[in-house]
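As structure tokens, the structure follows; a few thoughts come after it.
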Amino acid sequence: MGEAKLRIEPTDFQGVFRSGDMLLTRNLAPGQRVYGERLFSQDGVEYREWVPDRSKLAAYLRRGGRMFPFRPDSHVLYLGASFGTTPSHVADVVPEGRVYCVEISPRSFRELVGVCEGRPNMMPILGDATKPDDLAFLVEKVDVVYQDVAQKNQAGIFSRAMRRFSAPFGMLALKARSEDVTREPSDVFRDAAMLLGREGFEVADLLDLEPYEKDHALLVVKR
Ligand SMILES: C[S@@+](CC[C@H](N)C(=O)[O-])C[C@H]1O[C@@H](n2cnc3c(N)ncnc32)[C@H](O)[C@@H]1O
């Protein structure tokens, strides 16, 4: 099953485990790796290493992030799923919930479908995050919107999706250089937080993801 023995312990965040500095999630698809991550077993349970250089959500937790709005039965709208690295860890964290994985690139989508096949709570959707109305017929309730699309107007796209699905919580992975390569990343992050504030959301956390991701931040919002 796993590769080695460690002392794996729960963290304050439901569904997230640690061993020393390493973060892990409980593998919903035992024996399967998604991106070459290491597998470990303890007491008959298999865990997957959650690598902060590969996943901005893991980077956020390693940087001391305080907000983790996922519950075991949460329904998550994940915009910008790529081939499923972070979405697969979110799926591990919400085993009784669902992760709607939206990806615009057909090439990434093909790989995403393979990852979703082993995980019944991941639903792949070939779609566009900027058009939330087009997603509505596939998506039921949403408890959390998680967005990582690395294109212009990230906060605006996120705000529309939060509203369209009446989500109480949201997490926005923001890439400063996708907005304006000439501006200071901290100014881009502040502007995004202000826009979300004007749109009626409370920005509960904003963390720069250095050293794991250069010029990226993760914002957490509540209604
Ligand atoms: C940085 S990658 C996402 C990585 C992924 N969130 C993870 O952590 O595993 C950004 C992805 O967003 C996708 N994307 C960009 N614009 C999009 C849009 N309008 N709708 C859906 N996906 C989009 C890109 O094709 C790319 O796969």
Side-chain angles (χ1 to χ4, degrees), residues 16 23-25 27-29 32-37 48-63 65 68 70 76-94 99-116 118-119 121-136 138-139 142 144-162 164-165 167 170-179 181 185 188-189 192 207-210 212-220:
V16 182
L23 294 175
L24 307 102
T25 57
N27 195 357
L28 257 194
Q32 291 185 26
R33 291 178 174 81
V34 174
Y35 57 103
E37 71 278 21
R48 308 160 58 214
E49 180 182 16
W50 194 2
V51 182
D53 300 302
R54 301 290 302 276
S55 169
K56 288 158 208 146
L57 186 50
Y60 168 75
L61 295 178
R62 281 293 299 275
R63 288 279 290 105
F68 196 71
F70 306 100
V76 181
L77 176 62
Y78 195 115
L79 302 172
S82 190
F83 66 86
T85 298
T86 303
S88 66
H89 284 290
V90 174
D92 287 348
V93 166
V94 301
V99 188
Y100 299 97
C101 301
V102 180
E103 173 52 48
I104 201 168
S105 150
R107 192 173 163 176
S108 301
F109 183 76
R110 273 196 294 277
E111 286 191 52
L112 175 66
V113 168
V115 170
C116 294
R119 295 164 183 273
N121 65 343
M122 282 177 82
M123 181 192 274
I125 300 172
L126 183 61
D128 186 346
T130 67
K131 297 178 178 156
D133 288 341
D134 292 357
L135 306 171
L138 287 167
V139 176
V142 175
V144 185
V145 173
Y146 184 99
Q147 180 183 301
D148 180 15
V149 296
Q151 68 163 81
K152 216 170 168 58
N153 189 28
Q154 293 159 96
I157 295 167
F158 176 71
S159 168
R160 273 189 67 197
M162 287 286 296
R164 177 64 185 79
F165 295 99
M171 302 185 96
L172 170 62
L174 192 63
K175 181 176 182 179
R177 296 178 69 81
S178 293
E179 299 295 339
V181 288
V188 175
F189 302 155
L207 269 189
D208 192 314
L209 300 182
E210 284 255 20
Y212 302 106
E213 288 279 356
K214 192 169 157 48
D215 302 337
H216 281 76
L218 203 131
L219 285 88
V220 187

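Both ligands and their constituent atoms are indexed starting at 1 by order of listing. Just the heavy atoms: all of them, side chains too, but no hydrogens, waters or symmetry mates, feed the values below.
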Enumerate the atoms of ligand 1 whose separation from the nearest heavy atom of [X] is less than 4.0 angstrom.
X: Ser105; value: 25 (O)
X: Lys56; value: 1 (C)
X: Pro87; value: 9 (O)
X: Gly127; value: 20 (N), 21 (C)

Identify, for [atom], the protein heavy atom at the shortest distance, and state residue, atom and that distance.
atom: atom 16 (N) of ligand 1; value: Gln151 OE1, 3.0 Å
atom: atom 22 (N) of ligand 1; value: Ile104 N, 3.3 Å
atom: atom 20 (N) of ligand 1; value: Ala129 N, 2.8 Å
atom: atom 26 (C) of ligand 1; value: Glu103 OE1, 3.7 Å
atom: atom 8 (O) of ligand 1; value: Thr86 OG1, 2.6 Å
atom: atom 3 (C) of ligand 1; value: Gly80 O, 3.2 Å

key: Winner among Asp128, Thr85, Val149 once heavy atoms are compared against atom 15 (C) of ligand 1   =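 Closest candidate by heavy-atom distance is Val149.
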
query = Of the choices Leu112, Asp148, Val34, which has the non-hydrogen atom that lies closest to atom 10 (C) of ligand 1?
reply =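 Residue with the shortest heavy-atom distance to the ligand atom: Asp148.
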
Between [X] and [Y], is there a donor-acceptor pair closer than 3.5 Å when you use the side chain of the first and the backbone of the second?
X: Glu213; Y: Lys56; result: no
X: Ser55; Y: Val51; result: no
X: Glu103; Y: Ser82; result: yes

ask   = Thinking salt bridges, do Arg63 and Asp208 make one under a 4.0 Å N-O criterion?
value =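 Not counted as a salt bridge, because no side-chain N and carboxylate O are separated by less than 4.0 Å.
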
query = Is the shortest side-chain N to carboxylate O distance from Lys175 to Asp215 below 4.0 Å?
reply =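 The answer is no: the pair does not qualify as a salt bridge.
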
inquiry  = Quick one, Leu23 with Glu49, criterion side chain to side chain contact (heavy atoms under 4.5 Å, CB included). Give me CA distance, side-chain angles, the key distance, then yes/no.
reply    = CA-CA 6 Å; Leu23 294 175; Glu49 180 182 16; over 6 Å; no

message = Side chains of Leu77 and Val144, heavy atoms from C-beta outward: is any pair under 4.5 Å?
response =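 When only atoms from C-beta onward are counted, Val144 and Leu77 do not touch, as no gap falls below 4.5 Å.
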
inquiry  = Please work out, at 4.0 Å between heavy atoms, whether the side chain, the backbone, both, or neither of Tyr78 comes within that distance of ligand 1.
reply    =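 It is the side chain that touches ligand 1; the backbone stays farther off.
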
task = Please confirm whether Ser55 comes within less than 3.5 Å of ligand 1 when only nitrogen or oxygen atoms on both sides are compared.
result =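 Min N/O separation from ligand 1 is not below 3.5 Å for Ser55.
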
task = Give the intermediate values and the outcome of side chain to side chain contact (heavy atoms under 4.5 Å, CB included) for residues Leu174 and Leu218.
result = CA-CA 6 Å; Leu174 192 63; Leu218 203 131; over 6 Å; no

query = With ring centroids as reference points, do Tyr35 and His89 lie under 6.0 angstrom apart?
reply =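 They qualify: ring centres under 6.0 Å apart.
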
